[in-house]
Amino acid sequence: MEGSQSKADISSRLQIIKQKSGKSYSKIAEETGLTNVYVAQLLKRQAQLKPEAAPKLRAALPDLPEEFLREMMKPPSRSYDPNLIQEPTVYRLNEAVMHFGESIKEIVNEEFGDGIMSAIDFYCSVDKVKGVDGKDRVVVTFDGKYLPYTEQKSEHMVSRLKLQ
């Protein structure tokens, strides 16, 4: 299907199905047991729908055609429009990560050692809370597995082992 229709076309049709349902990403997430960001990723064709989650998504979005479910279970082409950085919310989120990134890196290294946070074994959610002043606040949670950098010893390289 995705070969005959562009990713943007499929995503657009998935967004229409979501809008017709009247449900928010958070409501669909609650009904499927997924995070709200992952549901958005699925409907943008940025994540792969796992077979065990398909019936739950179908129950949450009854107008979702079987052919779309099958398409969503294929590995997606994870990409983004480079112009997306100009969208104000995305721009500010990028700005926040760039501004706080060096300090976050220092704390990760201090707490865990020399390594990184995985963006593959990763959970993300967006929540709305009231601040101490009573105003709405956005809470973005990045929950990634810690991956230590490894010392690169030649004896551990598979190709080196095969050559000997």
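Hydrophobic clustering of Ile, Leu, Val, Met, Phe, Trp and Tyr side chains at less than 4.5 Å, counting indirect connections, unites M73 with L61. Linking ILVMFWY residues whenever their side-chain heavy atoms come closer than 4.5 Å, directly or via other members, leaves L34 and F122 in distinct clusters. No continuous path of ILVMFWY side-chain contacts below 4.5 Å connects I116 to V108, so the two sit in separate hydrophobic clusters.
Between S79 and K7, the closest heavy-atom pair is OG-NZ, 3.3 Å.
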Handout entry: side-chain contact (heavy atoms from CB on, under 4.5 Å) evaluation trace for L14 with L64
Key = CA-CA 8 Å; L14 289 167; L64 192 60; 3.4 Å; yes
Handout entry: Test log, rule salt bridge (Lys or Arg N to Asp or Glu O under 4.0 Å), inputs E71 and K74
Key = CA-CA 5 Å; E71 186 64 32; K74 295 177 183 175; 3.2 Å; yes
Practice task
Report the C-alpha distance between R45 and M72 in whole Å, list the side-chain angles of each, state the deciding distance to 0.1 Å, and finish with yes or no for side-chain contact (heavy atoms from CB on, under 4.5 Å).
Solution key: CA-CA 7 Å; R45 288 297 291 131; M72 294 170 75; 4.1 Å; yes
Practice task
Starting from the C-alpha separation in whole Å, work towards a yes-or-no answer on side chain to side chain donor-acceptor pair (under 3.5 Å) for D9 and S12.
Solution key: CA-CA 5 Å; D9 290 340; S12 178; over 6 Å; no
Problem - Worked verdict on D136 versus K130 for side-chain contact (heavy atoms from CB on, under 4.5 Å) - result: CA-CA 5 Å; D136 289 340; K130 290 285 182 195; 2.7 Å; yes
Practice task
Decide side-chain contact (heavy atoms from CB on, under 4.5 Å) for Q41 and R78; before the verdict, give the C-alpha distance in whole Å, the side-chain angles of both, and the deciding distance to 0.1 Å.
Solution key: CA-CA 10 Å; Q41 291 287 93; R78 291 175 178 90; over 6 Å; no
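Annotation: the span from T35 atom OG1 to I28 atom CD1 amounts to 12.0 Å, rounded to 0.5 Å. Here the straight-line distance linking atom NZ of K56 with atom CG of L49 works out to 11.0 Å at 0.5 Å rounding. Distance OG/S21 to CD/E31: 8.5 Å, rounded to 0.5 Å. The line from OH of Y38 to CD of Q46 is 11.0 Å long, rounded to the nearest 0.5 Å. Atom CG of D63 is separated from atom NZ of K18 by 13.5 Å, given to the nearest 0.5 angstrom. Remark: N109 CG to K105 NZ distance equals 3.5 Å, nearest 0.5 Å.
The 12-atom threshold is exceeded at OH of Y146, counting heavy atoms of other residues, nucleotides or ligands nearer than 6.0 Å. Within 6.0 Å of the CD atom in E66, the count of heavy atoms belonging to other residues, nucleotides or ligands exceeds 12. Open room surrounds CZ on R137; 12 or fewer heavy atoms of other groups in view lie less than 6.0 Å from it.
Residues S26 and N36 bring a donor and an acceptor atom of their side chains to less than 3.5 Å of each other.
In this structure, K50 does not pair ionically with E52, as no charged nitrogen and carboxylate oxygen lie closer than 4.0 Å. Between R70 and E67 there is no salt bridge, since no side-chain nitrogen of the basic residue lies less than 4.0 Å from a carboxylate oxygen of the acidic one.
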Cut-off 3.5 Å, no hydrogens considered: what does the side-chain donor-acceptor table look like for residues 88-102, sequence neighbours left out?
from: R92; atom 1: NH1; to: E95; atom 2: OE1; distance (Å): 3.2

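When atom types are taken as modelled, the side chain of S118 and the backbone of I120 share a donor-acceptor pair closer than 3.5 angstrom.
In this structure the side chain of P76 never reaches within 4.5 angstrom of the side chain of L42, judged on heavy atoms.
Each of T141, V140, V126 was checked for a side chain to side chain contact (heavy atoms under 4.5 Å, CB included) with V37, and the lone residue meeting it is V126.
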